[in-house]
Amino acid sequence: MDKEKIEQAVKLFLEGIGEDPEREGLVDTPQRISSMCEELFSGIGGNAAEHLSKTFAAENNELVVEKDITFYSLCEHHFLPFYGKVHIGYVPDGKVVGLSKLARTVEVYTRRAQIQEQLTAQIADAIMEHLCPLGAIVYIEAEHMCMTMRGIKKPGSKTVSMVCRGCIADNNELKNTFMNMIR
C-alpha cells in the first residue's frame, strides 16, 4: 500500500470539497486515513487457502453452520461502508476446519472494496475450493450506507444474498435446515 499516494489524494480531496488541509482539525487527517486504509483494505492480496488449509478429520458428514459472523466492508461503487452478518454452512467430506477459520475467510474478502453479491460467491467458492466439502451455503444480510445515508436514504433497509454450491444447491431440505439454524 502506498501511504504517500493516499495522503496526497486526501489532501487533494479536501481541497476539492473546499476545505483547508492545513486547518488544525484536518492537518493530520491524510495520515489518519492512510493508516485506516491499511486496516480496511487488508484483505487485498489475502488468500483464503491460508485459513482453510488446516483441517481435522471428521466422520460426521452432517451440516456444519457458523452463524452471525459480523463483518464490515466498503462498497466499491461509493466507498461507503456496508456491514452485517455472514452465515456459513457446509457438509463436510471427511474433514472440517476450525470455526475461527471461517470468520478469517470472511475477513479476507470483506477487507477490500467489494459488492455484496460478489462477496457471497467468493466465500462459498473459497470454501468449496480449499475445504472441499460436499456442499456449501453462504447467506449474507447487510445494511449499505450508500442506501441509507445518500441516494434513496432508506435507513434500516437490508440487502440479502445467498449462494449454494455442491450438494446443497439442489437440496431444499438442507437449505431449509440451514435457514432454520440461522434464525
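- In this structure, CD in E39 is found 11.5 Å from OH in Y72, a value given to the nearest 0.5 Å.
- For M149, the CE atom is loosely surrounded, since the number of other residues' heavy atoms within 6.0 Å does not exceed 12.
- No donor-acceptor pair under 3.5 Å is formed between the side chain of K54 and the backbone N or O of V97.
- T159 has its side chain out of reach of E141: every pair of non-hydrogen atoms, C-beta onward, lies at least 4.5 Å apart.
- T29 OG1 to E7 CD: the interatomic distance, rounded to the nearest 0.5 Å, is 11.0 Å.
- Within the 3.5 Å criterion, the main-chain N or O of D68 finds a donor-acceptor partner in the side chain of H87.
- Nearest heavy-atom pair, K95 versus L131, reported as atom, atom and distance to 0.1 Å: CE-O, 3.0 Å.
- One finds the CZ atom of F82 at 4.0 Å from the OG atom of S73 (value rounded to the nearest 0.5 Å).
- With hydrogens and angles disregarded, a donor-acceptor distance shorter than 3.5 Å links the side chain of Q116 to the backbone of I140.
- Listed for the T148 side chain is no donor-acceptor partner under 3.5 Å among the backbone atoms of P155.
- Under the 4.5 Å side-chain heavy-atom criterion for Ile, Leu, Val, Met, Phe, Trp and Tyr, I33 and F41 are members of the same hydrophobic cluster.
- Considering only heavy atoms from C-beta on, L174 comes within 4.5 Å of C167 through its side chain.
- Cluster annotation: Y139 and L134 are assigned to the same hydrophobic cluster (Ile/Leu/Val/Met/Phe/Trp/Tyr, side-chain heavy-atom contacts under 4.5 Å, transitive).
- When every heavy atom of A169 is checked against every heavy atom of K175, the shortest pair comes out as O-NZ, 2.8 Å.
- When all heavy atoms are compared, the tightest approach of A126 to A48 is CB-CB, 3.7 Å.
- Inter-residue side-chain proximity for V106 and L102 is flagged as unmet; no heavy-atom pair is nearer than 4.5 Å.
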Open item on the list: Show, in sequence, the C-alpha distance, side-chain angles and deciding distance for H78 and R150, and conclude whether the side chain to side chain contact (heavy atoms under 4.5 Å, CB included) test is met.
Closed with: CA-CA 10 Å; H78 303 99; R150 61 155 302 279; 3.4 Å; yes
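- Summarising the geometry of F56 relative to G98, their closest heavy-atom pair is CE1-N, 3.8 Å, with the distance given to 0.1 Å.
- No donor-acceptor distance shorter than 3.5 angstrom exists from the side chain of N61 to the backbone of V91, with no hydrogens or angles considered.
- There is a path of hydrophobic side-chain contacts, each under 4.5 Å, that joins L74 to I44.
- Judged by distance alone, the side chain of K85 and the main-chain N or O of F71 form no donor-acceptor pair under 3.5 Å.
- Few gaps surround NZ on K3; more than 12 heavy atoms of other groups in view lie less than 6.0 Å from it.
- Between M179 and R183, some side-chain heavy-atom pair lies under the 4.5 Å cut-off.
- Remark: aromatic rings of F178 and Y90 are distant, center separation not under 6.0 Å.
- Within the 4.5 Å cutoff, no side-chain heavy atoms of I88 are placed close to those of K67.
- If you chain together hydrophobic residues whose side chains sit under 4.5 Å apart, V86 and V64 fall into the same group.
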Open item on the list: Set out, in order, the CA-CA distance, both residues' side-chain angles and the distance that settles side chain to side chain contact (heavy atoms under 4.5 Å, CB included) for M145 and C75, then state yes or no.
Closed with: CA-CA 9 Å; M145 297 303 286; C75 163; over 6 Å; no
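- The side-chain hydrogen bond (donor to acceptor under 3.5 Å, both in side chains) with Q114 is formed by just one residue from the set E117, R112, Q118; it is Q118.
- One finds the OG1 atom of T55 at 13.0 Å from the NE2 atom of H130 (value rounded to the nearest 0.5 Å).
- The side-chain heavy atoms of S35 and R32, taken from C-beta on, include no pair separated by under 4.5 Å.
- Here I123 contributes atom CD1 and L119 contributes atom CG; the two are 4.0 Å apart, rounded to the nearest 0.5 Å.
- Between the CE atom in M128 and the CZ atom in R165 there is a gap of 8.5 Å [rounded to 0.5 Å].
- Pairs engaging residues 98-107 under the side-chain hydrogen bond (donor to acceptor under 3.5 Å, both in side chains) rule: E107-R111 [sequence neighbours left out].
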- [ ] Run the numbers on V163 and I137 for side chain to side chain contact (heavy atoms under 4.5 Å, CB included), then give the verdict.
- [x] CA-CA 6 Å; V163 168; I137 184 169; over 6 Å; no
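- Crowding of D2 atom CG: a count of heavy atoms from other residues, nucleotides or ligands under 6.0 Å exceeding 12.
- No option in I127, V96, I168 other than I127 meets the side-chain contact (heavy atoms from CB on, under 4.5 Å) test with P133.
- Using a cut-off of 4.0 Å between Lys/Arg side-chain N and Asp/Glu carboxylate O, E143 and K158 are scored as salt-bridged.
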Just list the side-chain donor-acceptor pairs under 3.5 Å for residues 10-25, sequence neighbours left out, or say none.
| unit_1 | atom_1 | unit_2 | atom_2 | d |
| --- | --- | --- | --- | --- |
| E19 | OE1 | R23 | NE | 3.1 |
| E19 | OE1 | R23 | NH2 | 3.3 |
| E19 | OE2 | R23 | NH2 | 3.3 |
| D20 | OD1 | E22 | N | 2.9 |

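- A continuous path of Ile, Leu, Val, Met, Phe, Trp and Tyr side chains, each step under 4.5 Å between heavy atoms, connects Y83 with L80, placing both in one hydrophobic cluster.
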